Participant: 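Pasting a structure here, questions to come.
Note that the coordinates shown come from a computational prediction; the quantities given were computed from them, not determined experimentally. So that the names make sense, note that chain A is the first sequence line, chain B the second, and so on, each numbered from 1.
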Number of protein chains: 2
Amino acid sequence: MDFKEFLEKGKDLFLPNLSVDMVIIGYENNELKCLLLQIGDKWLLPGGFIFRTESVEEATLRILSERTGLVDPHFKFLAVFGNSNRKFTEEWKPFFKEQGVSWGEDAWFNDRFVTLSYYSLVDIDKTKPVLSDMDTGFAWFKMDALPEMWMDHRDIVHAAKNRLREDVQQEHLTYNLLPEEFTMPQLHQLHQTILGEELDRSRFQKKMLSLDIFERLPKLKKDTPGRNPYRYRIKRA
Amino acid sequence: MDFKEFLEKGKDLFLPNLSVDMVIIGYENNELKCLLLQIGDKWLLPGGFIFRTESVEEATLRILSERTGLVDPHFKFLAVFGNSNRKFTEEWKPFFKEQGVSWGEDAWFNDRFVTLSYYSLVDIDKTKPVLSDMDTGFAWFKMDALPEMWMDHRDIVHAAKNRLREDVQQEHLTYNLLPEEFTMPQLHQLHQTILGEELDRSRFQKKMLSLDIFERLPKLKKDTPGRNPYRYRIKRA
DNA sequence: CTAATTTGTGTCATTTTGCCACATTTAATA
DNA sequence: TATTAAATGTGGCAAAATGACACAAATTAG
């Protein structure tokens, strides 16, 4: 579906005034990053709309899969962003006019939008971002160093960052950010990055292993000094 | 706004395909109860729609206040319910036809609705439920003994019950269910009811008091045997 | 072969938790 | 009025979890 078709048929195909935005989070070089798309000189979250024929959850999974190429990605509801003046296109009009695309005041997506935001933890190396023909580029940005973003998308990313910090203490979901096989020092460093504080290595390791959700594999062969760590992966059922 | 006006003007006033449903929870006779409204022979959650001019949060607060008469009620986001076949009115048509009200296939609220659910903890004694002219009655139902409910509203109540059980361990919000002044034994019993398990009285009391969020008031005069408990209330800032 | 580095695991003091005891206060009862 | 039963506040202690650190093992660099 190209942009023209999108403009014309969207009104009938999608639920109006409702969007889905994804904070797709990855981990690289000891830093949390999120996937952003470029439109004009600003960036925005990957997102989309809900077909009238699909559930919100199906839409979320579809949007996420379309954008990342992942088959069964992790995702979790984040929050509703529903300010009364929440509209994209006022801000976008100048940019699209340059591209020769325009639409009327009464276009379906020229209206206010309530967005349902989700966050998703992914393995960056397994993620192959796909551009739509609206965006001119994508990039993984450090979540601590975000570019100029459209609308309230920066707030959404911050909400995701804070939420991840809370969730990581309750749920075991951080392995989604790592390759299938990983080491305890890696997991340790990841948790420290998320929480922004030092965690005692010894106790972290004991606690993780006591959860009994990881299975130990043969040691990893490293080429740096120091003892080789065991590899682990999530136990299969 | 009566029902006829609601049918006619709703399309222009409200965001389409989007509703808000409230699980309003109270505590009475050592049991959790929630406020339900009656339409026909089934019950449903108090809810409403979002004016195009107001934020989602404003709508939630408005709907909650309108229905309960409370000025600054507690509320917290629960979940999105967004099944693709989520429509009320197919089920309601037979009932409203009896009442002499009818509407066309293309009426704005004959469509699919995504609902944003919230839960709210209230003091039943301070709550004065207000009926709209759609519902024929209201009642507080034990959350463990719900009546037949419209659509997926029973699922929403169950989600709220489960969520409250999680939240109570993290946040301090249960005082919203009690009068302004309460005793530790009352709070203790409330937590046991929410969690569905026994909590050691001694440790519960120590833990609560160590939070340093309650201030102790003179003892309560009881007319039952046993020592009189101290009264407490939330410390003011 | 030695030094430096990384990882796995052990130890132990401190804190938190779970469980029970006991003293105090109050209405009911004899 | 004295006794009993019940409810409440608080203390104590063993067990478990936590935090901080120590040390041995494994590995590369020199």
Side-chain angles (χ1 to χ4, degrees), chain A residues 27 29-30 165-166 168-172 174-175 178-235, chain B residues 27 29-31 165-166 168-172 174-175 178-179 181-235:
Chain A
Y27 180 62
N29 298 128
N30 287 353
R165 194 161 49 220
E166 292 169 16
V168 75
Q169 320 233 29
Q170 301 293 118
E171 298 171 63
H172 313 298
T174 48
Y175 59 85
L178 296 173
E180 267 188 49
E181 298 185 358
F182 51 87
T183 69
M184 281 300 142
Q186 279 180 306
L187 194 63
H188 177 232
Q189 181 53 55
L190 169 56
H191 278 237
Q192 289 191 144
T193 300
I194 292 173
L195 294 172
E197 65 187 47
E198 296 228 325
L199 296 173
D200 181 79
R201 193 173 53 83
S202 164
R203 216 175 58 69
F204 178 84
Q205 191 139 331
K206 279 180 224 162
K207 199 169 181 176
M208 284 299 143
L209 295 181
S210 75
L211 294 175
D212 203 37
I213 59 171
F214 303 116
E215 69 180 313
R216 180 180 277 189
L217 303 172
K219 292 192 177 183
L220 178 70
K221 184 86 188 78
K222 286 191 312 173
D223 54 353
T224 54
R227 187 170 172 172
N228 288 342
Y230 290 104
R231 288 174 295 136
Y232 290 89
R233 69 175 171 213
I234 292 290
K235 272 188 183 172
Chain B
Y27 180 62
N29 298 129
N30 287 353
E31 287 169 319
R165 194 161 50 219
E166 293 170 15
V168 75
Q169 320 234 31
Q170 302 292 119
E171 298 172 63
H172 313 298
T174 46
Y175 59 84
L178 296 173
E181 297 185 359
F182 51 87
T183 68
M184 280 300 140
Q186 278 180 307
L187 194 63
H188 177 231
Q189 181 52 57
L190 169 55
H191 279 237
Q192 289 191 143
T193 301
I194 291 173
L195 294 173
E197 65 186 48
E198 297 228 327
L199 296 173
D200 181 78
R201 193 173 53 82
S202 164
R203 216 175 58 72
F204 179 84
Q205 191 139 331
K206 281 179 222 165
K207 198 170 182 176
M208 284 297 144
L209 295 181
S210 74
L211 295 175
D212 202 38
I213 59 172
F214 303 117
E215 68 180 313
R216 179 178 278 189
L217 302 172
K219 292 192 177 183
L220 177 71
K221 186 83 187 79
K222 286 191 312 174
D223 55 352
T224 54
R227 187 171 173 172
N228 288 342
Y230 290 104
R231 289 174 295 137
Y232 290 89
R233 69 175 171 213
I234 292 289
K235 273 188 183 172

Participant: If the test is salt bridge (Lys or Arg N to Asp or Glu O under 4.0 Å), which one of A:Glu180, A:Glu181, A:Glu215 qualifies with A:Arg231?
Facilitator: A:Glu181
Participant: Applying side-chain hydrogen bond (donor to acceptor under 3.5 Å, both in side chains), which residue pairs with at least one partner in residues 219-228 of chain A are found, sequence neighbours left out?
Facilitator: none
Participant: Which parts of residues 181-195 of chain A get close to DNA chain C, meaning a heavy atom less than 4.0 angstrom away?
Facilitator: A:Pro185
Participant: Which heavy-atom pair separates A:Phe214 from A:Ile234 by the least distance, and what is that distance?
Facilitator: CE2-CD1, 3.5 Å
Participant: Within this structure, what is the OH-to-C1' distance between A:Tyr230 and D:dT27, rounded to whole angstrom?
Facilitator: 14 Å
Participant: Between atom CZ in A:Phe204 and atom C1' in D:dC21, what is the gap in whole Å?
Facilitator: 19 Å
Participant: Mapping B:Lys207 and A:Arg231 to their closest nucleotides on DNA chain C, which lands nearer the 5' end?
Facilitator: A:Arg231
Participant: Carefully, step by step, assess A:Tyr27 and A:Ile194 under the rule side chain to side chain contact (heavy atoms under 4.5 Å, CB included).
Facilitator: CA-CA 10 Å; A:Tyr27 180 62; A:Ile194 292 173; over 6 Å; no
Participant: If I take atom CD in residue A:Gln205 and atom P in nucleotide D:dT18, what distance separates them, rounded to the nearest angstrom?
Facilitator: 16 Å
Participant: Can you establish whether the number of heavy atoms outside B:Glu197 located under 6.0 Å from its atom CD is more than 12?
Facilitator: yes
Participant: When every nucleotide of nucleotides 19-30 of chain C is labelled 5' to 3' by its protein contacts under 4.0 Å (heavy atoms), B for base, S for sugar-phosphate only, - for none, what sequence of letters results?
Facilitator: BB---BBBS---
Participant: Answer yes or no: is there a donor N or O on one side and an acceptor on the other, between the side chain of A:His188 and the main chain of A:Leu199, under 3.5 Å?
Facilitator: yes
Participant: Check the distance between D:dC21's P and A:Glu198's CD and give it to me in whole angstrom.
Facilitator: 11 Å
Participant: Donor-acceptor pair, A:Asp200 side chain versus A:Ser202 backbone, under 3.5 Å?
Facilitator: yes
Participant: Looking at every non-hydrogen atom in both residues, tell me the closest pair between A:Arg233 and A:Phe182 and how far apart they are.
Facilitator: CA-CE2, 4.2 Å
Participant: In whole Å, what is the span from the CD atom of B:Gln169 to the P atom of C:dT17?
Facilitator: 12 Å
